[in-house]
Amino acid sequence: MLLIVLVFVGLLREAFGAREGLKRRLYGNESTELLEVFQVEAPLRKSYDDTSCKQVIMQHDFTASYGSPYVGMYSPPTGCNFTTVIFNMSITSAGINYDRLGLLYLGDVEVWRTTTGMPVRTGIFYNFLKDVTVFDALLRTQQKVIMQLDNIYNDVFTGNFNVTVTALYYDDEKFFTPANTILPISSKRSSENHSSVISLPDGNASISVTFPRNVERAVVSIIASGNGAEEFWFTNVPTEYEKTFNNTAIYGYSPFREVQLLIDGVLAGAIWPFPTIFTGGISPGLWVPIVGVDTYDLPNFEIDVSPWLGLLCDGKSHTFELKVLGYDSVTTLGTVGSNWWVSGSIFLWVDSAGDQTTGSAIQSWTPPPQLEFTSIITTSSGLNTTLWVELTAERSISHTSTITTSAGSRELTWTQNLRYLNIQNFTAKGYNETLYQLTSGTSTFSSSDEDAAAITNTFSYPLSFAQDYVIPVDPTVVNSTLVAELDRSKISSGTSILSYLTSPKAFDVPSLLATRQNGSCIYFWNNTYYQFAGAIDPAQGTIGVTEQWFSFLGPLTSGDIDAYGRHVEAVDGYEPVLVLDETFEKEIAVPDTVNLVDVKEDL
Ligand SMILES: *[C@@H]1O[C@H](CO)[C@@H](O)[C@H](O)[C@H]1NC(C)=O
Ligand SMILES: *[C@@H]1O[C@H](CO)[C@@H](O)[C@H](O)[C@H]1NC(C)=O
Ligand SMILES: *[C@@H]1O[C@H](CO)[C@@H](O)[C@H](O)[C@H]1NC(C)=O
Ligand SMILES: *[C@@H]1O[C@H](CO)[C@@H](O)[C@H](O)[C@H]1NC(C)=O
Ligand SMILES: *[C@@H]1O[C@H](CO)[C@@H](O)[C@H](O)[C@H]1NC(C)=O
Ligand SMILES: *[C@@H]1O[C@H](CO)[C@@H](O)[C@H](O)[C@H]1NC(C)=O
Ligand SMILES: *[C@@H]1O[C@H](CO)[C@@H](O)[C@H](O)[C@H]1NC(C)=O
Ligand SMILES: *[C@@H]1O[C@H](CO)[C@@H](O)[C@H](O)[C@H]1NC(C)=O
Ligand SMILES: *[C@@H]1O[C@H](CO)[C@@H](O)[C@H](O)[C@H]1NC(C)=O
Ligand SMILES: *[C@@H]1O[C@H](CO)[C@@H](O)[C@H](O)[C@H]1NC(C)=O
Ligand SMILES: *[C@@H]1O[C@H](CO)[C@@H](O)[C@H](O)[C@H]1NC(C)=O
Ligand SMILES: *[C@@H]1O[C@H](CO)[C@@H](O)[C@H](O)[C@H]1NC(C)=O
């Protein structure tokens with residue numbers, strides 16, 4: 001594989017030479033020139049210039065910030081009419097450091113989870129825009145703004161993260177019906193100047209809430225990411241296979257994860273997470289200067305709990321709990337490793353003309369998930385040399401109830417259908433691995449009310465990569481090598497329920513997204529140096545190429561419909577270069593992700 005990749009890079013250099021006219025140097029040799037490390041994303045609106053007002057809501061340099069979040073005060077703008085709000089997060093960093101997780105809270109509610117780009121000595125910068133309009137109730141209230149970005153800053157880790165968040169307010173003319181109340185499913189620690197994230201499985205993500213008695217719509221939004229031993233959860237194996245290889249440990253609890261929302265102990269909905277890859281993930285050199293899909297804005301997942309409103313509006317307290325589970329060969333679903341950082345928000349729309357929402361008994365269909373696991377081990381001289389694992393899963397969930405508000409009675413249904421496949425082939429005593437994972441599914445909220453269109457979301461997340469570690473006998477004298485190849489896509493269609501309920505006229509058509517990243521990279525390091533800290537430092541060799549296709553068609557916050565395409569390709573390394581960067585005002589063809597796992601032999 002090493003040879004193949006070298007030839008490929010050689011060809012690419014030729015192509016690059018031929019395309020001299022297109023090349024764009026990303027940063028030069030002047031110390032003031034920073035390298036832009038960017039996430040490919042569709043614009044949020046046609047123009048950003050028509051703000052009614054804007055303000056910096058936080059500015060902080062995160063240096064040695066472990067356990068010391070930024071805490072400030074957010075004040076809504078005065079004398080400024082607004083509906084749409086966009087946060088512009090702008091980050092600079094110079095030095096050596098890992099990728100870091102950042103969590104932005106308004107009070108006890110998480111509004112943005114991000115991971116950073118990895119810095120270089122000469123410095124990086126990026127700006128990322130996020131539409132936060134659905135948090136309208138919070139944006140009109142004075143409260144704390146808290147950002148947790150735990151960074152290590154010392155002789156080795158010299159990279160700071162200088163973060164500025166600016167709020168851009170727009171007064172878009174549209175029918176605007178934001179949630180009246182947003183309740184956190186969090187540890188509610190803003191009063192202690194602390195972020196309110198909960199770490200599972202060690203913590204407890206169960207809260208008691210009492211709803212107003214006249215809620216007509218309730219949607220839960222959940223953010224969950226695996227960190228620490230769970231960052232690469234999709235590469236894990238069932239716990240009994242952790243010690244298959246003599247010298248290479250593999251993490252346990254299986255490569256399957258389910259984030260559950262339970263109401264009074266009953267499963268209301270489930271999330272099979274998007275495998276976000278941070279900028280140090282798989283091979284750090286893949287992500288300079290193009291970072292991974294969703295890296296700067298980890299996705300939230302929505303579960304419509306409106307069929308539960310008859311129960312939830314009874315004036316009593318009810319528990320909402322988040323859990324993260326993995327496959328367990330004995331109990332089917334079992335615990336996972338540390339740390340899953342989770343938080344949720346319950347968005348409530350009240351029936352202002354009604355006193356009490358009532359409902360029929362909930363008809364629920366929550367059969368246990370179907371999981372099937374197979375493995376093949378080959379041995380040589382009494383030692384395991386290869387491990388093949390394959391896990392499939394399927395699950396359906398549905399809740400239906402007739403809910404009565406001042407507008408009358410209607411039958412509401414929440415349905416989910418989820419599918420999952422993970423194949424991993426570990427060879428070379430675990431030093432080499434190929435993986436293919438495909439998570440896909442559909443969720444639908446429907447109402448018997450003829451005026452209320454059903455909202456259906458479908459998604460497909462194919463992910464494939466190969467990772468080969470060549471570790472010499474004395475890694476302090478001879479470089480270690482990581483040869484990596486990656487191919488992954490995110491394909492989705494549908495409508496954010498929260499955006500639709502907040503701005504029904506703007507978001508009354510679904511959006512279509514397809515993006516694929518394909519890359520390969522050879523990365524060297526020696527053990528006298530911090531592994532992976534300094535991905536593209538001149539002394540560390542990195543050579544690679546990353547290509548991305550991105551195609552979007554859908555509504556914008558400004559009420560327009562937009563089509564957007566981008567095709568970009570970068571040669572990675574200490575002086576990365578964009579060899580191709582084309583944008584289109586239309587959708588573009590996005591080729592399919594290729595499964596990099598060798599076809600399983602008939603046994
Ligand atoms: C920057 O690079 C250019 C050409 O590569 C060279 O001519 C120039 O002297 C360099 N400037 C500095 C400040 O190193
Ligand atoms: C805000 O909207 C109100 C009502 O439409 C209007 O009277 C007022 O002038 C607007 N204020 C600004 C600053 O545009
Ligand atoms: C976001 O902030 C950066 C840094 O201040 C700035 O360059 C950029 O123009 C801003 N983007 C918008 C849309 O305001
Ligand atoms: C951080 O960025 C802000 C805004 O660009 C700037 O004013 C400040 O000097 C920077 N801080 C450091 C330590 O570089
Ligand atoms: C939280 O931070 C504010 C501002 O720095 C400070 O005034 C307050 O005492 C702090 N509260 C706690 C509980 O530490
Ligand atoms: C979690 O907290 C709830 C109270 O909110 C409590 O009832 C429950 O027993 C706790 N669970 C665990 C496992 O500690
Ligand atoms: C081979 O792998 C199996 C399954 O992980 C494990 O139980 C066994 O101990 C391994 N054998 C050796 C010699 O490491
Ligand atoms: C297995 O690993 C241990 C500890 O690294 C080592 O001492 C032993 O020689 C290894 N066994 C074989 C057969 O390689
Ligand atoms: C592991 O990967 C390396 C680098 O790609 C390759 O040279 C080696 O042959 C592979 N080993 C096996 C057993 O496939
Ligand atoms: C290891 O890497 C560091 C940093 O790149 C370099 O200074 C050092 O000379 C390297 N050592 C060896 C033995 O290659
Ligand atoms: C390790 O790799 C770097 C970067 O390619 C190179 O400069 C250095 O000479 C290598 N060191 C050894 C000992 O091979
Ligand atoms: C795993 O990959 C190796 C190397 O590509 C291949 O020879 C082997 O057949 C694969 N394992 C299975 C079970 O297909």
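Whatever order the structure lists them in is the order used to number ligands and atoms, beginning at 1. Being a predicted model, the structure only gives us computed values, none of them experimental.
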- [ ] Could you list which atoms of ligand 3 come closer than 4.0 Å to a heavy atom of S90?
- [x] 4 (C)
- [ ] May I ask you to check whether F135 and F347 place their ring centres under 6.0 Å from each other?
- [x] yes
Open item on the list: Tell me the protein heavy atom at minimum distance from atom 10 (C) of ligand 6, and give that distance in Å.
Closed with: N204 ND2, 2.4 Å
TODO: Identify which of L44, T164, N88 has a heavy atom lying nearest to atom 11 (N) of ligand 3.
DONE: N88
Open item on the list: Between Y564 and F584 (judged by ring centroids, cut-off 6.0 Å), do the two rings come close enough to count as a pair?
Closed with: no
Task: Lys/Arg cation over aromatic Y170: R45, 6.0 Å, 45° cone - done: yes
- [ ] Just do the salt bridge (charged side-chain N to carboxylate O under 4.0 Å, His left out) check on R257 and E230 with the steps written out, would you?
- [x] CA-CA 10 Å; R257 294 292 177 269; E230 290 281 311; 2.6 Å; yes
TODO: Determine whether the aromatic ring centres of F161 and F62 lie less than 6.0 Å apart.
DONE: no
Open item on the list: Can you confirm whether some protein heavy atom lies under 4.0 Å from atom 14 (O) of ligand 3, or whether none does?
Closed with: yes
Task: Numbered atoms of ligand 9 (with element) below 4.0 Å of D468, judged on heavy atoms - done: 2 (O), 4 (C), 5 (O)
Open item on the list: Students should be able to answer this: which protein heavy-atom is nearest to atom 5 (O) of ligand 6, and at what distance?
Closed with: S206 O, 3.3 Å
Open item on the list: Walk me through whether D581 and R566 qualify under salt bridge (charged side-chain N to carboxylate O under 4.0 Å, His left out).
Closed with: CA-CA 7 Å; D581 188 3; R566 189 167 177 191; 3.0 Å; yes
TODO: Using a strict cut-off of 4.0 Å, indicate which atoms of ligand 3 neighbour a heavy atom of Y48.
DONE: 13 (C)
- [ ] Using heavy-atom distances, let me know which of N127, V56, V165 sits nearest atom 7 (O) of ligand 3.
- [x] N127
